[in-house]
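Heads up: the structure comes next, in structure tokens.
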Amino acid sequence: MARTGVSSPGRSPLPWAVALLILVALLPLNWLGWVGWFAGLSETVLTPVSHPLRAAGRVFVPAPRREDELDADRLREQFEAEQLRRQQAELEIDRLTGLVERLSAGAAINTSVEVRQWPAPVTGAAGQYLVVRAGEREGVVTNSVVTTDGIQLLGQVEGVDDRTSRVLPITAPVAGRINGVILLDQTGEQRVACILAPAGDNTLRGEFQLSQDPITGQAVNAVEPGQEVRLLDNAWPGAAQMLLIGLVERVEPDENLGGLNRLVVVRPRAVLRQVGEVVVRVPLNAERSDRGHAGEGGTP
Amino acid sequence: MNWLAFALLAWIALGMQLGLAPLLSPGSGAVVGSFVIPVLVYIGLHAPPRSAIWASLLLGVLIDLTTPMTRADGGEAYILGPYAIGCFAAGHFTLAARGLVIKRNPIAFTVLCVLASAVAGVVAVAFFTARSLYPGDPIAWTPGTELLNRLGSALFTSVFALVLSLPLALLTPFMGFAHSGYGTHHHASGGGRAAARRHY
């Protein structure tokens with residue numbers, strides 16, 4: 001082996017340094033507390049190099065994930081997923097609760113007619129028709145009555161196939177006139193008949209006659225904005241009778257007719273062409289109206 | 001040897017050791033390559049023997065001061081000496097071997113780095129194992145595993161050594177080595193050998 005040429009102990013402090021280091025290396029740990037100070041000093045001196053290098057290295061070598069961090073991440077993801085499921089379940093419960101309320105309200109109307117209420121989403125529009133995802137499979141037939149929320153009348157099924165049906169809203173321009181009654185009080189005992197036709201702006205417009213005071217003989221207008229207007233039209237199936245057409249928006253004098261006649265503007269509670277879900281009132285006995293199209297009906 | 005240049009080189013190498021080596025560690029992190037050992041071997045190959053040994057000792061001390069040991073109770077402790085003596089031995093090994101290799105050959109440099117790292121590791125493990133015989137020694141130490149880790153680290157150091165061989169070779173003119181021909185084709189020159197002996 002080649003000579004290394006290190007100086008002899010007598011001329012160099014190197015052997016003494018080595019001996020000292022061997023001694024220190026074998027000291028009990030309790031006697032080495034002072035080394036920590038030098039270690040801190042070394043770290044301080046080296047940090048200006050090590051820190052930027054570590055930061056730069058992290059760009060290319062991402063920090064490995066510790067097992068407990070992975071567990072925490074997994075638990076966090078599970079928690080978030082469960083939270084999402086809970087929120088979705090709450091939304092579904094709210095939706096179903098609302099649906100039950102609407103269906104209950106719809107079922108309470110005209111209880112003499114047995115209908116099955118079938119909630120169905122609106123999948124699109126075809127011309128003036130709404131396309132509803134409920135068809136013959138669900139028992140929908142032509143002339144089935146469709147509501148928005150069980151009470152608000154939307155229209156009538158004009159065409160039906162296996163899985164979908166086309167509904168003509170009562171506010172569609174091609175929809176015919178419909179007969180209704182304006183409920184003057186909460187009980188509905190005092191009514192005023194009216195004939196309504198779609199105005200093209202999501203309202204229906206029609207005539208009604210003022211009543212006369214039996215004593216004075218003067219015309220009395222008891223119709224006010226906000227009063228409910230319900231369907232009462234023999235041309236419509238029994239399942240549609242007394243469903244809500246809308247609320248009185250305003251009353252206008254009819255200059256053409258004069259006398260006791262007035263014009264009433266009725267606005268449905270929803271924009272009928274924009275509803276996302278409807279309730280199809282499927283008659284249990286699959287009753288079919290003799291009326292061919294809505295446009296043909298409307299006369300009392 | 002230019003000790004200022006050595007200090008700068010050691011500073012950068014230790015900074016890389018602290019900053020980069022853990023990131024480049026394979027597996028669970030028990031095997032960590034060394035940026036310091038290539039510097040030690042580089043100095044050992046080129047510097048006068050006494051300077052090389054002192055440099056090795058200093059590098060070992062700095063490794064000891066930047067390598068905390070894990071205590072069984074969860075804390076950490078610094079022990080001065082094991083790596084200092086290990087590097088001292090590695091420095092001697094390099095000095096002994098430098099006459100046998102072509103010092104500018106990256107492969108020879110890499111092989112020397114692996115062997116020097118293994119020497120330093122074995123010596124350090126020996127010291128720590130001796131310490132672990134003390135009753136109540138709080139350092140968590142399993143000699144077999146640690147020795148395997150050190151030898152694995154020595155092997156992995158070859159990657160760093162191979163990468164560092166070129167930049168270190170480029171630094172040679174700035175390091176102020178009194179002679180640079182030992183171990184190369186210049187060593188055939190009798191005058192060069194005589195000059196080298198004078199330096200020793």
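Just so it is clear: chains get the letters A, B, ... in the order the sequence lines come, proteins before strands, and each one is counted from 1. Hydrogens, waters and symmetry mates are skipped; everything else that's a heavy atom, side chains included, is used.
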*Spatial distance of atom CG (L65(B)) from atom CH2 (W37(A)) [nearest 0.5 Å]*: 10.5 Å
*List the atom of L20(B), the atom of L53(A), and the distance in Å for their closest heavy-atom pair.*
CD2-O, 3.5 Å
*Do V49(A) and L14(B) pass the side chain to side chain contact (heavy atoms under 4.5 Å, CB included) test, and can you show the C-alpha distance, the side-chain angles, and the key distance before you say yes or no?*
CA-CA 8 Å; V49(A) 179; L14(B) 281 158; over 6 Å; no
*Let me know if P22(B) has heavy atoms under 4.5 Å from chain A in its side chain, its backbone, both or neither.*
side chain
*Under 4.5 Å, heavy atom to heavy atom, which residues of residues 119-139 of chain B contact chain A?*
F127(B), A130(B), R131(B), Y134(B), P138(B), I139(B)
*Nearest heavy-atom pair of G15(B) and L46(A): which atoms, and what distance?*
N-CD2, 4.1 Å
*Considering all heavy atoms of both residues, which atom of S42(A) and which atom of T66(B) are nearest to each other, and what is their separation?*
CB-CG2, 4.1 Å
*asked:* Around atom CZ of R133(A), are there more than 12 heavy atoms from other residues, nucleotides or ligands closer than 6.0 Å?
replied: no
*asked:* If you count heavy-atom pairs within less than 4.5 Å of chain B, which of L21(A), L20(A), L41(A), L32(A) leads?
replied: L21(A)
*Would you indicate whether the side-chain heavy atoms of L29(A) and I79(B) approach each other to under 4.5 Å?*
yes
_Taking every non-hydrogen pair under 4.5 Å, which of T94(B), L18(B), L80(B), V61(B) racks up the most with chain A?_
L80(B)
*Heavy-atom pairs under 4.5 Å with chain B are the metric here; pick the option from A39(A), G33(A), A55(A) that has the most.*
A39(A)
_Among L27(A), T47(A), L23(A), residue most engaged with chain B (heavy-atom pairs, under 4.5 Å)_ = L27(A)
*Does atom CD of E43(A) have more than 12 heavy-atom neighbours from other groups under 6.0 Å away?*
no
_Has W11(B) got a side-chain atom pairing as donor or acceptor with V45(A)'s backbone, closer than 3.5 angstrom?_
yes
_Neighbour count >12 (heavy atoms, 6.0 Å) for atom CZ, R163(A)_ = no
*Minimum side-chain heavy-atom gap W54(B)-L14(A) below 4.5 Å*: yes
*Is it the side chain or the backbone of I85(B) that comes within 4.5 Å of chain A heavy atoms, both, or neither?*
side chain
